[in-house]
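Here's the structure, in structure tokens; my notes come after.
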Amino acid sequence: MKSDVDKLLNNHRDLVHSEGVKVVSHTQREDADWILHTLMLEGIDVPFKFKRQKKYKSLKGAKVNLTYYPAIETVAGFEIEVMKVVRVKLY
């Protein structure tokens, strides 16, 4: 039987899954009615972003499994690579 992650990966070609990655930074900022979460991972220089309606406990130092899409955001006229997270699970 396939796991939920396997089903997602089969249905969405651009989707990427990483397991057991360590969070070195976790910020939470209000964005209208949502909380914008930004994760930085050990050995990776790209921010991982997702929105939730509530704050989480800090994930700093935790190992997580992430499912995400690569994306490009424009900030102050510069294109920056980011990862749009669709699923976060503690490892």
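The analysis underlying the following values was restricted to heavy atoms, covering all of them including side chains, and did not include hydrogens, waters or symmetry mates. The first residue of the sequence shown is numbered 1, and numbering continues consecutively from there.
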**Message:** Taking side-chain hydrogen bond (donor to acceptor under 3.5 Å, both in side chains) as the definition, give me every residue that meets it alongside S18, ordered by chain and number, with sequence neighbours left out.
**Reply:**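 Only Y68 meet the side-chain hydrogen bond (donor to acceptor under 3.5 Å, both in side chains) criterion with S18.
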Nearest 0.5 Å, please: how far is [atom2] in [Y] from [atom1] in [X]?
X   : Y   : atom1 : atom2 : answer
K54 : I35 : NZ    : CD1   : 11.5 Å
K63 : E19 : NZ    : CD    : 12.0 Å
R52 : Q28 : CZ    : CD    : 11.5 Å
L36 : T38 : CG    : OG1   : 4.5 Å

Check for me, please, whether [X] and [Y] land in the same ILVMFWY cluster - side-chain distances under 4.5 Å, paths through other members count.
X   : Y   : result
V46 : V88 : yes
V23 : V16 : yes
V21 : M40 : no

Answer yes or no: is there a side-chain heavy-atom contact under 4.5 Å between [X] and [Y]?
X   : Y   : answer
M83 : P70 : yes
T27 : R29 : yes
K49 : K51 : no
F48 : V82 : no

Please report the shortest heavy-atom distance between [X] and [Y], naming the atom on each side.
X   : Y   : result
A71 : K84 : CB-CG, 3.8 Å
E81 : I72 : CA-CD1, 4.0 Å
L90 : A62 : CD2-CB, 3.9 Å
H37 : Y56 : CE1-N, 3.7 Å

**Request:** Answer yes or no: does atom CG of D31 have more than 12 heavy-atom neighbours from other residues, nucleotides or ligands under 6.0 Å?
**Result:** yes
**Prompt:** Do the ring planes of F50 and H26 sit parallel (below 30°), tilted (30 to 60°) or perpendicular (above 60°)?
**Reply:**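 Parallel: the ring planes of F50 and H26 meet at under 30°.
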